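What you see is a predicted model; the values in this text were computed from it and never measured. For this chain, numbers begin at 1 and follow the sequence in order.
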Amino acid sequence: MSARGRGRRVALGFSRRGAAPVQVDVFQSTVGRRVIGERLVARFSNHKRSFTWNGRANRAGRRVRDGYLFVRFTTGKGRGEARRVALRRRNGRLSRRPGFQRRDTCDLLTSYKLQRPAFGGRTRRPLGISFRMSRTGTARIRVTQGAHTVTTYARRVRTTARTRRLRLSARGLRRGDYRFRLVVRSGRNVTRSTLLARRL
């Protein structure tokens with residue numbers, strides 16, 4: 001899976017493990033400094049090979065604006081595995097952003113995701129954080145901006161049947177990129193993963 005900005009267009013690439021087609025959805029997450037959530041602006045169904053998106057909306061009454069977006073790739077007509085790629089549109093030109101979702105796996109850390117690629121803005125929207133482990137153990141998330149540690153979350157995971165959800169408040173945080181470094185441990189097994197989101 002890949003997304004490469006080419007001016008006002010984006011080359012969307014993917015490979016499939018089976019014969020199921022891929023559905024590609026593009027969501028507008030922010031407009032300027034306003035966080036709007038997940039607004040579907042374009043959808044492409046039943047694709048079996050890579051293609052280039054022209055950067056325009058194909059949903060009625062919608063248009064693509066400058067801000068942060070993300071592309072969701074889903075197999076099995078929306079019922080299978082979902083992967084997300086963050087994009088930024090600035091002066092009409094699109095570029096890829098660092099990841100805000102880790103690929104789901106069957107190892108110790110089965111899933112790890114930030115709610116969206118940007119948070120805060122004029123309404124100070126908080127950011128959701130979620131992760132899931134396959135075995136009991138401990139989890140520690142350190143949120144940093146540059147060399148400064150903003151906050152740390154520590155959790156002991158005793159039940160693996162549910163997703164753990166946390167929330168980072170935007171109040172008092174400066175604008176800029178924030179890194180979310182997660183370390184999970186179970187016995188001698190350790191998995192690390194870092195995601196990134198922008199405080200507007």
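- Aromatic ring orientation, Phe51 versus His47: parallel (interplanar angle below 30°, classes split at 30° and 60°).
- Using a 4.5 Å heavy-atom cutoff, the side chains of Phe180 and Ile129 are in contact.
- Sorted by first and then second residue, the pairs that involve residues 21-32 and meet salt bridge (Lys or Arg N to Asp or Glu O under 4.0 Å), not counting sequence neighbours, are Asp25-Arg43, Asp25-Arg72.
- Nearest heavy atom pair, residue Ala170 against residue Gly120, reads CB-CA, 3.6 Å.
- Atom CG of Leu195 sits about 11.0 Å away from atom NZ of Lys113, to the nearest 0.5 Å.
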Enumerate, atom names and distances included, each donor-acceptor pair closer than 3.5 Å involving a side-chain atom of residues 87-103, sequence neighbours excluded.
{"residue": "Arg89", "atom": "NH1", "partner": "Asp66", "partner atom": "OD1", "Å": "2.7"}
{"residue": "Arg97", "atom": "NH2", "partner": "Asp177", "partner atom": "OD1", "Å": "2.7"}
{"residue": "Gln101", "atom": "OE1", "partner": "Arg84", "partner atom": "N", "Å": "2.9"}
{"residue": "Gln101", "atom": "NE2", "partner": "Ala82", "partner atom": "O", "Å": "3.4"}
{"residue": "Arg102", "atom": "NH1", "partner": "Leu109", "partner atom": "O", "Å": "2.6"}
{"residue": "Arg102", "atom": "NH2", "partner": "Asp107", "partner atom": "OD2", "Å": "3.3"}

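- Side-chain contact between Val24 and Leu12 is present, with at least one heavy-atom pair separated by less than 4.5 Å.
- The ring-ring contact (aromatic ring centres under 6.0 Å, His included) pairs that include a residue from residues 147-170 number zero, where partners must be two or more places apart or lie in different chains.
- At least one side-chain heavy atom of Leu173 sits under 4.5 Å from a side-chain heavy atom of Val150.
- Side-chain contact between Gln145 and Arg175: absent, with no pair of heavy atoms (C-beta onward) separated by less than 4.5 Å.
- Counting only heavy atoms from C-beta outward, the side chains of Phe119 and Leu114 never approach each other to under 4.5 Å.
- Listed by first and then second residue, the side chain to side chain donor-acceptor pair (under 3.5 Å) pairs that reach into residues 185-195 come to none, sequence neighbours excluded.
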Side chain to side chain contact (heavy atoms under 4.5 Å, CB included) between Tyr178 and Leu127, worked out: CA-CA 11 Å; Tyr178 285 77; Leu127 181 69; over 6 Å; no
Got a list of side-chain donor-acceptor pairs under 3.5 Å for residues 158-169, not counting sequence neighbours?
{"residue": "Arg164", "atom": "NH1", "partner": "Thr159", "partner atom": "O", "Å": "2.5"}
{"residue": "Arg164", "atom": "NH1", "partner": "Arg162", "partner atom": "O", "Å": "3.3"}
{"residue": "Arg164", "atom": "NH2", "partner": "Thr159", "partner atom": "O", "Å": "3.1"}
{"residue": "Ser169", "atom": "OG", "partner": "Arg171", "partner atom": "N", "Å": "3.2"}

Side chain to side chain contact (heavy atoms under 4.5 Å, CB included) evaluation trace for Arg65 with Gln28: CA-CA 8 Å; Arg65 309 273 299 277; Gln28 182 100 41; 4.1 Å; yes
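- Side-chain contact between Phe131 and Val157: present, with at least one pair of heavy atoms (C-beta onward) separated by less than 4.5 Å.
- For residues 9-36, the pairs satisfying ring-ring contact (aromatic ring centres under 6.0 Å, His included) are Phe27-Phe70, with sequence neighbours left out.
- Under the salt bridge (Lys or Arg N to Asp or Glu O under 4.0 Å) criterion, no residue pair touches residues 44-63, with sequence neighbours excluded.
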Side-chain donor-acceptor pairs under 3.5 Å in residues 135-144, sequence neighbours left out?
{"residue": "Arg142", "atom": "NH1", "partner": "Thr149", "partner atom": "OG1", "Å": "3.1"}
{"residue": "Thr144", "atom": "OG1", "partner": "Arg181", "partner atom": "NH1", "Å": "2.6"}

Leu108 vs Met133, side chain to side chain contact (heavy atoms under 4.5 Å, CB included): CA-CA, chis, key distance, verdict: CA-CA 6 Å; Leu108 177 60; Met133 294 173 60; 4.0 Å; yes
Hey, can you pull the donor-acceptor pairs under 3.5 Å for the side chains in residues 33-41, sequence neighbours left out?
{"residue": "Arg33", "atom": "NH2", "partner": "Leu200", "partner atom": "O", "Å": "3.0"}
{"residue": "Glu38", "atom": "OE2", "partner": "Arg116", "partner atom": "NE", "Å": "3.2"}
{"residue": "Glu38", "atom": "OE2", "partner": "Arg116", "partner atom": "NH2", "Å": "3.2"}

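- Counting all heavy atoms, side chain and backbone alike, Val85 lies closest to Ala3 at CG1-CB, 3.7 Å.
- A 4.5 Å side-chain heavy-atom check between Tyr68 and Arg198 finds at least one atom pair inside the cut-off.
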